[in-house]
Every structure is written in structure tokens, then in C-alpha cells.
Amino acid sequence: MRIVTWNVNSLKARAEHVARFLDQVAPTVLCMQELKLEDDKIPRELFSSRGYHLVHHGQRTYNGVAIASRLPMRDLMIGLPQVEEQESRVIAATIGGLRIVNLYCPQGQNVESPKFEYKLRFYDNLIAWLAKLDEPDLMVTGDLNIAPRACDLFDPIGWRGTPSFHPLEHQRWQRMLDLGLQDAAEEWLPEGTYTFWDYRSRSFERQLGLRIDHFLVTPSVMARTQGAVVHRSVRAEEKASDHAPVQLDLG
DNA sequence: ATGACCGCCGGGGGCGGA
């Protein structure tokens, strides 16, 4: 089972990139974030014509998440239960017995911003929900907008205390680990592997990246992992998303 | 080394992203 998470930064702008990726990499499951499209504007045939089922939680202009899968999906969940939602950031489905939660977590802007408070609340709601879940085979994936370790971003000193590398975010990250989730890609990717490079400042060419797209999994899923890879060549394409697809292979 | 890029909406710039 080949599972990929990819913040596409507009599915409309990235439709050809996504089609090419499906044809070349043929993931079993593709979790996407930042569709920036309403549900009725999703290019469904892009997926159906290639043999993929699609579930989506779209939104105009901002956010939006979807899961494309070659295998049937059941027990679809749109948003977190009992959490009032303004933004489309959560979708979950069970695929081949694996519960997959696909997230686009808030970025937080800066520590003084209400958006940072929102990010922390988002995580608190998420963790409270995860703590009550009873899913032995669970995967929490997506653009989590947290670089967990110093080696997961190019300038940990300069970034210390700013969103994506803030102690209050690392608290939340640790709470997810304390629930028994493990950073699956960390086990397979060399230190200094990134998944995001900002468009500004020629960050990709200069290797100024962050590892913020993740797979957090329960031990039974961890035991099935066979490898992980970041598709950096996709980030190098013309008109690429600022995130590269991240792949995790399960036996 | 985040002013400098890209996509959104809308029809000109301003906002959001990390």
C-alpha cells in the first residue's frame, strides 16, 4: 500500500501536476490539502478516469482537503465531530482496514496573531478527539505545519519561537506521540529531509526547507512501513506547489 | 535571507501562506 500526502496549493492550478503524479507514481492513496476549491468545482474526472475514488471537503479560496484512493473508502468523516468549523481542514476515511485522517493544520502566521491561538486550539481539539479514538490501525497525515526537530528545518535558531517551530506547537506534537503515535517518515528519511520550500527567496534552489508534512501512525502501522520518500523532483517542476509529495510504503 | 513568490478574487491591489 503506497500512501502519499501532498499539499497541492490549489487543485485547479495543480491539476496537470496531480494527473502526472498519479500516472507516474500510482499511489494507492493520495491525501491532498489546500484544494482552494468548492466541492462542486473539484475536477472529479481527473481521479475517476484513473480508477480512483474521491472524497473531498472543499472550500472556496482557502483550505480544502481530499482523499483519492484506488481501494474503496468507508466511514467517511468530514470535519471533527462536535467542533464548530469555519474552515475545511479535516477529512477521514477507512481504507483497507486503515483509518486515515487527512489534515490541513493552520499555519499560525506569527505568535501575536489570533491565527496562532487558532492553531493551538485546532490542535487541542484534534488531540482531544484522537485521545478518545479506539483505532488500532490509525494514520494521521497531512500538512501539520509543525517541524518537530531542529534537523527538520534549515534555520532552527532563527525560527525558534515562531510558528512551525514553537514550543507550544512542540507540546502538541509531544501529546500526539504520548497517545502512542509515531513519526513514520522520520524513521526512513535522512535527517535534513524537507517537504516544503517557500516560493520566496528562491528557497528550493538554496535548500531552505522545512519538514512539516507528516505521517503519524500507531505501532501496528509502524511495523508495516517499508520506506518513505519525498518527491523533490515534483517540487522542481514548472509551476510547482511549494510542497513536495511525501510517500510512505506499507506492507 | 520572508521586500524579492504564488494563487486567490476580481478586474486593482490586498490577503494568505510558512
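- We find that E169(A) and R172(A) are not joined by a salt bridge, their nearest charged nitrogen and carboxylate oxygen being 4.0 Å or further apart.
- Phosphate contact (OP1/OP2 of dG10(B), side-chain N/O of R60(A), threshold under 4.0 Å): present.
- If you check every strand for non-hydrogen atoms under 4.0 Å, Q109(A) touches a base.
- For the pair H166(A) and dA18(B), the criterion of a side-chain N or O lying under 4.0 Å from OP1 or OP2 is not met.
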In sequence, state the C-alpha distance, the side-chain angles, and the governing distance for D23(A) and R50(A), and then conclude on salt bridge (charged side-chain N to carboxylate O under 4.0 Å, His left out). CA-CA 8 Å; D23(A) 292 340; R50(A) 290 172 170 80; 2.8 Å; yes

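- Within 4.0 Å of I212(A), counting heavy atoms only, lie sugar-phosphate atoms of the nucleic acid but no base atom.
- Here the side chain of H56(A) pairs no donor or acceptor atom with the backbone of I91(A) at under 3.5 angstrom.
- A 4.5 Å side-chain heavy-atom check between V217(A) and D183(A) finds every atom pair outside the cut-off.
- Within the structure, a side-chain polar atom (N or O) of S10(A) is placed less than 4.0 Å from OP1 or OP2 of dC8(B).
- For DNA chain B, the residues of residues 113-121 of chain A within the heavy-atom distance limit of 4.0 Å (strictly under) are K115(A), sorted by number.
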Using the rule given for ring-ring contact (aromatic ring centres under 6.0 Å, His included), can you reason through F204(A) versus W197(A), listing the C-alpha separation, both sets of side-chain angles and the distance that settles it, and then say yes or no? CA-CA 5 Å; F204(A) 183 64; W197(A) 299 261; 5.0 Å; yes

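- For W159(A), the side-chain atoms get nearest to dT2(B) when compared with the rest of dG7(B), dT2(B), dC9(B).
- N7(A) comes within 4.0 angstrom of sugar-phosphate atoms only, judged by non-hydrogen atoms across all strands, and of no base.
- Rounded to a whole Å, the CG atom of D242(A) is 11 Å from the C1' atom of dG16(B).
- A heavy atom closer than 4.0 Å to some atom of DNA chain B occurs in D143(A), N145(A), these being the qualifying members of residues 139-148 of chain A.
- Under the 3.5 Å distance criterion, with hydrogens and angles disregarded, no donor-acceptor pair is assigned to the side chains of N9(A) and H243(A).
- Nucleic acid contact for Y104(A): sugar-phosphate only, since backbone atoms but no base atoms lie under 4.0 Å from a heavy atom of the residue.
- In this structure, A66(A) and L35(A) approach most closely via the heavy-atom pair CB-CD1, 3.8 Å.
- Only the C1' atoms considered, dA1(B) is 24 Å distant from dG14(B), to the nearest whole Å.
- Contact annotation: N63(A) does not reach the phosphate of dG16(B) (side-chain N/O to OP1 or OP2, under 4.0 Å).
- A salt bridge does not link E16(A) with K239(A): none of the charged nitrogens is closer than 4.0 Å to a carboxylate oxygen.
- Exactly one residue among L248(A), I3(A), L22(A) makes a side chain to side chain contact (heavy atoms under 4.5 Å, CB included) with P27(A). That residue is L22(A).
- Between dA1(B), dG16(B), dG17(B), one nucleotide has an atom nearer to the side chain of R206(A) than all others, and that is dA1(B).
- For H243(A), counting side-chain heavy atoms from C-beta on, the closest listed nucleotide (dA18(B), dC5(B), dT2(B)) is dA18(B).
- When the side-chain nitrogen and oxygen atoms of R202(A) are compared with OP1 and OP2 of dT2(B), none of them lie within a distance under 4.0 Å.
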